[in-house]
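Notes to accompany the following structure.
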Amino acid sequence: MSATFVVVPQWQGSGSSRAMRLVDGAAAIRADLPSSATREIEVPLEAGDSEGTGILRYSSIRLVRERLERALAELDDTPVIIGGDCGVEYAGIEHASRAGRVVLLWADAHADLNTAESSPSKAFHGMVLRSLVDAGVVAAADVLLLGVRDLDDAEAQFIEASGMPHVTASEVGDRVAERVAAARADGVEPVLYVHVDLDVLDPSVFGGVGFPAPFGLALDELTGAVAAARAHATLIGAGLTEFAPAPTREAVPGDSAGAIDESDEASGAASDELTVILRILAALSR
């Protein structure tokens with residue numbers, strides 16, 4: 001598979017106090033990607049306003065989506081979108097839907113199934129999947145929720161009402177095969193999109209996220225699930241989102257040795273996290 005990495009350092013869709021760290025996370029990932037196969041989408045500096053939608057910073061989110069849509073339309077390779085917050089996935093999944101019926105592996109601690117009315121935070125990264133389902137971009141039955149474990153009441157109610165399936169890592173291959181068969185029985189060619197929010201991983205594996213949740217996946221479970229999904233359907237696109245690395249402190253005159261140790265520790269953690277990210281990207285792009 002020939003992949004192009006599209007880096008989108010959007011922070012405006014996040015409700016985390018570490019939202020601005022998403023810009024640093026995207027930059028850190030980009031530094032480890034091949035420059036010839038990487039593009040970056042410009043993100044506005046300003047927060048933006050709701051434009052009457054009830055969604056925080058919506059004007060900037062809309063502008064980034066439009067820019068990303070144009071960039072994706074120009075690509076011949078399979079796009080792997082690097083966030084930024086989960087909101088960047090709207091354009092990626094919508095783009096994938098033009099190639100066929102999307103089977104969507106949603107690997108995330110959160111379902112992102114709120115609406116502007118139900119969302120406690122009004123942040124778009126908690127609404128993106130619901131927006132895609134409501135717009136008819138992807139059917140609820142074709143979304144496989146992997147590692148989802150931190151739900152608001154409205155999200156849990158929607159999952160039950162819509163029949164959106166939860167899957168374990170070991171079930172992914174069989175469930176993707178089922179959805180592919182269902183699409184073909186309807187006379188529609190299926191395509192696969194894989195969304196990875198890094199908080200799908202257990203915090204002991206990966207801590208550089210805004211909303212860590214216990215009891216997540218091991219790295220091998222995640223990469224194995226991606227491989228199993230790809231064995232049954234053509235990957236048309238993927239996204240990796242929500243890397244918010246911890247800040248490092250620079251030593252200054254008069255600073256204690258402890259402060260330097262703290263900086264070194266944070267730098268080491270970031271290096272370990274990038275190793276995890278590169279393993280996931282290899283599973284998505286090879």
Side-chain angles (χ1 to χ4, degrees), residues 1-10 13 22-23 25-43 64-65 67-100 102-108 112 125 128-129 132 137-138 144 146-147 172 176 190-201 206 208-209 219 222-244 273-286:
M1 174 184 118
S2 179
T4 295
F5 300 100
V6 185
V7 179
V8 191
Q10 176 177 285
L22 296 170
V23 179
I29 298 171
R30 178 174 182 169
D32 278 340
L33 298 175
S35 58
S36 61
T38 303
R39 298 185 61 178
E40 182 165 344
I41 304 301
E42 183 181 357
V43 172
V64 173
R65 182 189 301 173
R67 290 173 177 173
L68 180 53
E69 286 171 349
R70 289 194 293 270
L72 293 174
E74 296 171 357
L75 293 183
D76 295 323
D77 295 340
T78 302
V80 178
I81 297 171
I82 309 294
D85 64 70
C86 284
V88 302
E89 291 283 51
Y90 192 101
I93 296 167
E94 186 177 47
H95 176 74
S97 72
R98 298 189 180 101
V102 175
V103 177
L104 175 58
L105 180 60
W106 190 264
D108 199 318
D112 299 348
H125 72 165
V128 59
L129 181 53
L132 287 159
V137 175
V138 61
L144 306 180
L146 175 63
V172 165
V176 169
V191 294
L192 175 68
Y193 192 100
V194 177
H195 158 74
V196 176
D197 181 325
L198 288 160
D199 65 22
V200 73
L201 296 168
F206 195 94
V209 294
L219 178 58
L222 176 59
T223 56
V226 170
R230 294 187 62 183
H232 293 282
T234 299
L235 185 73
I236 199 71
L240 184 144
T241 63
E242 300 283 351
F243 179 32
E273 288 167 348
L274 284 168
T275 299
V276 170
I277 288 168
L278 291 175
R279 282 190 59 187
I280 298 169
L281 289 177
L284 292 172
S285 61
R286 64 162 156 274

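Val102 and Ile93 get closest at one heavy-atom pair: CG2-O, 4.3 Å. When all heavy atoms are compared, the tightest approach of Ala96 to Ile236 is CB-CG2, 3.3 Å. Asp77 approaches Ala3 most closely through the heavy-atom pair CB-C, 4.0 Å. Taking both residues in full, the closest heavy atoms of Asp85 and Thr241 are given as O-CG2, 4.0 Å, listed atom of the first, atom of the second, then distance. Scanning all heavy atoms of the two residues, the minimum distance from His95 to Pro79 falls at CD2-CG, 4.4 Å. The nearest pair of heavy atoms linking Val226 to Leu284 is CG1-CD2, 3.9 Å.
Put simply, the side chain of Ile280 reaches to within 4.5 Å of the side chain of Leu219, judged on heavy atoms. Residues Val80 and Leu240 form no side-chain contact, since every pair of their non-hydrogen atoms from C-beta on lies 4.5 Å or further apart. The shortest side-chain heavy-atom distance between Trp106 and Asp112 falls under the 4.5 Å cut-off. Under the 4.5 Å side-chain criterion, counting only non-hydrogen atoms from C-beta, Leu22 is not in contact with Gln10. No side-chain heavy atom of Ile277 sits under 4.5 Å from any side-chain heavy atom of Ile82. Using a 4.5 Å cut-off on side-chain heavy atoms (C-beta onward), Val6 and Leu75 make contact. Put simply, the side chain of Glu242 does not reach to within 4.5 Å of the side chain of Asp199, judged on heavy atoms. A heavy-atom distance below 4.5 Å is not found between the side chains of Val176 and Leu105.
Each salt bridge (charged side-chain N to carboxylate O under 4.0 Å, His left out) pair with one or both residues in residues 26-43, not counting sequence neighbours, appears once here: Arg30-Glu40, Arg39-Glu74.
Rounded to the nearest 0.5 Å, atoms CG (Leu68) and CD (Glu89) are 9.5 Å apart. In this structure, the separation between CD on Glu273 and CD1 on Ile29 is 10.0 Å, given to the nearest 0.5 Å. The distance from atom CD of Glu94 to atom OH of Tyr193, rounded to the nearest 0.5 Å, is 11.5 Å. Thr4 OG1 to Ile81 CD1: the interatomic distance, rounded to the nearest 0.5 Å, is 11.5 Å.
In this structure Ala28 satisfies the side chain to side chain contact (heavy atoms under 4.5 Å, CB included) test together with Phe243, Leu274, sequence neighbours excluded. Applying the salt bridge (charged side-chain N to carboxylate O under 4.0 Å, His left out) rule to Arg70 yields no partners; only residues at least two apart in sequence or on another chain are considered.
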Q: Kindly indicate, with the supporting measurements, whether the criterion side chain to side chain contact (heavy atoms under 4.5 Å, CB included) is fulfilled by Leu33 and Leu281.
A: CA-CA 10 Å; Leu33 298 175; Leu281 289 177; 3.9 Å; yes
